[in-house]
Amino acid sequence: MCGRYTITTPLESLRNLFDFEGNFNLGARYNVAPTQNAAVVRNAPDGGGRELVMLRWGLVPRWAKELSIGSRMINARTETVASKPSFREAYKKRRCLIPADGYFEWKKKGEIKQPYLLRRRDDAPMAFAGLWENWKVPEANAEAAGQPTGTEITTFTILTTDANETAKPTHHRMPLILEPEFFEAWLTADDPSDTDVMLAVPAVALSSVAVNRRVGSPRNDDPACIEPI
DNA sequence: CCAGACGTTGTT
DNA sequence: GTCTGG
DNA sequence: CCAGACGTTGTT
DNA sequence: GTCTGG
């Protein structure tokens, strides 16, 4: 699956890879967690190229009454995303790329959960396939959401697919990782299931290394999270 | 018809 | 055990 | 994903 | 909003 990831690649390197507009003060993130804001690349609304935006992780469907729904919508299965009521509209029109350079999986070793950091073997940044969605804060949820009624909150989810052999030792389902040659097709295809994007991906070669257990704390976002043990 | 869900993973 | 918050 | 809460009344 | 289960 993919419930935590890292993004430490500098802005200009990301710009070279993803070709987006705009300037950001992007600090290194060693432990991005659901409900936090994170950098996402999508087609600019005016139709002119791509933009980098900060969106909340955990897709809130347009019909949701509460922001907290997003906590359960952090991933979407590649196999079913086209038909699920929560995702299918976003799947048709609102796809995005999530820049990352690694992600975490946990494996139980007796009593303890040991986190592993998975990265590409070529150390290049990764692009997770994702969807984004707009949600308007309703009156009844304004207080819980911490935003005024009517505020637009934009959220995203990360697609998952079956793990390949390189994802050992955890071998959990993994994020759908796109090679650059598929970025354009993923972002713009009228029907992405018509392209080979959805099939092409888990070929990416990953390495995994056991890391410092403090990565488990959601609010912990220091470099120790990626320290091998 | 209405009510209630709407999602994912992994299971020593 | 299950849900919420980060 | 994991960690941490999981409840109520009434108010220095 | 739309689908599923009863």
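So you know, we letter chains A, B, ... as the sequences are listed, proteins then strands, and number each from 1.
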* Asked: Is it the case that more than 12 heavy atoms not belonging to A:Glu143 sit under 6.0 Å from its CD atom?
  ->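 Incorrect, the count does not exceed 12.
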* Please say whether more than 12 non-hydrogen atoms of neighbouring residues, nucleotides or ligands are located less than 6.0 Å from CG in A:Asp46. => yes
* Is there a donor-acceptor contact under 3.5 Å from the side chain of A:Glu105 to the main chain of A:Pro169? ->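 The answer is no, because no donor-acceptor pair under 3.5 Å joins these two groups.
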Using the [atom1] atoms only, state how far [M] lies from [N], rounded to an integer number of Å.
{"N": "D:dT8", "M": "B:dC2", "atom1": "P", "value": "33 Å"}
{"N": "B:dC6", "M": "D:dC6", "atom1": "P", "value": "24 Å"}
{"N": "B:dC1", "M": "C:dG6", "atom1": "P", "value": "41 Å"}
{"N": "B:dG7", "M": "E:dC3", "atom1": "C1'", "value": "14 Å"}

Answer with base, sugar-phosphate or nothing: what part of the nucleic acid does [X] contact at a heavy-atom distance below 4.0 Å?
{"X": "A:Ile74", "value": "base"}
{"X": "A:Pro61", "value": "nothing"}
{"X": "A:Arg56", "value": "nothing"}

Please list all pairs passing the salt bridge (Lys or Arg N to Asp or Glu O under 4.0 Å) test where one or both residues lie in [range], with sequence neighbours left out.
{"range": "residues 11-21 of chain A", "value": "A:Glu12-A:Arg15"}
{"range": "residues 80-89 of chain A", "value": "A:Glu89-A:Lys92"}
{"range": "residues 51-67 of chain A", "value": "A:Arg42-A:Glu51, A:Arg62-A:Glu133"}
{"range": "residues 215-229 of chain A", "value": "A:Arg29-A:Asp221"}

* Between A:Glu184 and A:Arg50, is there a side-chain N and carboxylate O pair less than 4.0 Å apart? ->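 A salt bridge is present here (some side-chain N lies under 4.0 Å from a carboxylate O).
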* Please list, by residue number, the residues of residues 128-142 of chain A whose heavy atoms come closer than 4.0 Å to an atom of DNA chain C; answer none if no residue qualifies. => none
* Evaluation steps, side-chain hydrogen bond (donor to acceptor under 3.5 Å, both in side chains), between A:Asn31 and A:Arg4 -> CA-CA 6 Å; A:Asn31 190 3; A:Arg4 301 290 182 92; 3.1 Å; yes
* **Bracket string, DNA chain C, 5' to 3' - pairs by Watson-Crick or G-U geometry under 3.5 Å, | interstrand** => ||||||
* Are A:Trp135 and A:Trp57 linked, directly or through other ILVMFWY residues, by side chains that come within less than 4.5 angstrom of each other? -> no
Under 3.5 Å, which protein N or O atoms sit close to an N or O of nucleotides 6-10 of chain B? Give each pair with its distance.
residue: B:dC6; atom: O3'; partner: A:Ser86; partner atom: OG; Å: 3.0
residue: B:dG7; atom: N3; partner: A:Arg72; partner atom: O; Å: 3.4
residue: B:dT8; atom: OP1; partner: A:Arg77; partner atom: N; Å: 2.9
residue: B:dT8; atom: OP1; partner: A:Thr80; partner atom: OG1; Å: 3.3
residue: B:dT9; atom: OP1; partner: A:Thr160; partner atom: OG1; Å: 2.7
residue: B:dT9; atom: OP1; partner: A:Arg173; partner atom: NE; Å: 2.2
residue: B:dT9; atom: OP2; partner: A:Arg77; partner atom: NH1; Å: 2.3
residue: B:dG10; atom: OP1; partner: A:His172; partner atom: ND1; Å: 2.5
residue: B:dG10; atom: OP1; partner: A:Arg173; partner atom: N; Å: 3.4

Between [atom2] on [N] and [atom1] on [X], what's the gap in Å once rounded to a whole number?
{"X": "A:Glu66", "N": "B:dA5", "atom1": "CD", "atom2": "C1'", "result": "13 Å"}
{"X": "A:Lys113", "N": "D:dG4", "atom1": "NZ", "atom2": "C1'", "result": "12 Å"}
{"X": "A:Trp57", "N": "D:dC2", "atom1": "CH2", "atom2": "P", "result": "11 Å"}
{"X": "A:Leu118", "N": "D:dC1", "atom1": "CG", "atom2": "P", "result": "14 Å"}

* In the hydrophobic clustering (ILVMFWY, side-chain contacts below 4.5 Å, transitive), which residues join A:Ile112, or is it alone? -> none
* **Contacts of type side-chain hydrogen bond (donor to acceptor under 3.5 Å, both in side chains), residue A:Thr9, not counting sequence neighbours** => A:Asp101
* Asked: Listed by chain and number, what are the side-chain hydrogen bond (donor to acceptor under 3.5 Å, both in side chains) partners of A:Asn75, not counting sequence neighbours?
  ->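 side-chain hydrogen bond (donor to acceptor under 3.5 Å, both in side chains) list for A:Asn75, sorted by chain: empty.
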* ring-ring contact (aromatic ring centres under 6.0 Å, His included) pairs, two or more places apart, involving residues 95-124 of chain A -> none
* Give me the first and last nucleotide of DNA chain C, going 5' to 3', that has any atom under 4.0 Å from a heavy atom of chain A. => C:dG5 to C:dG6
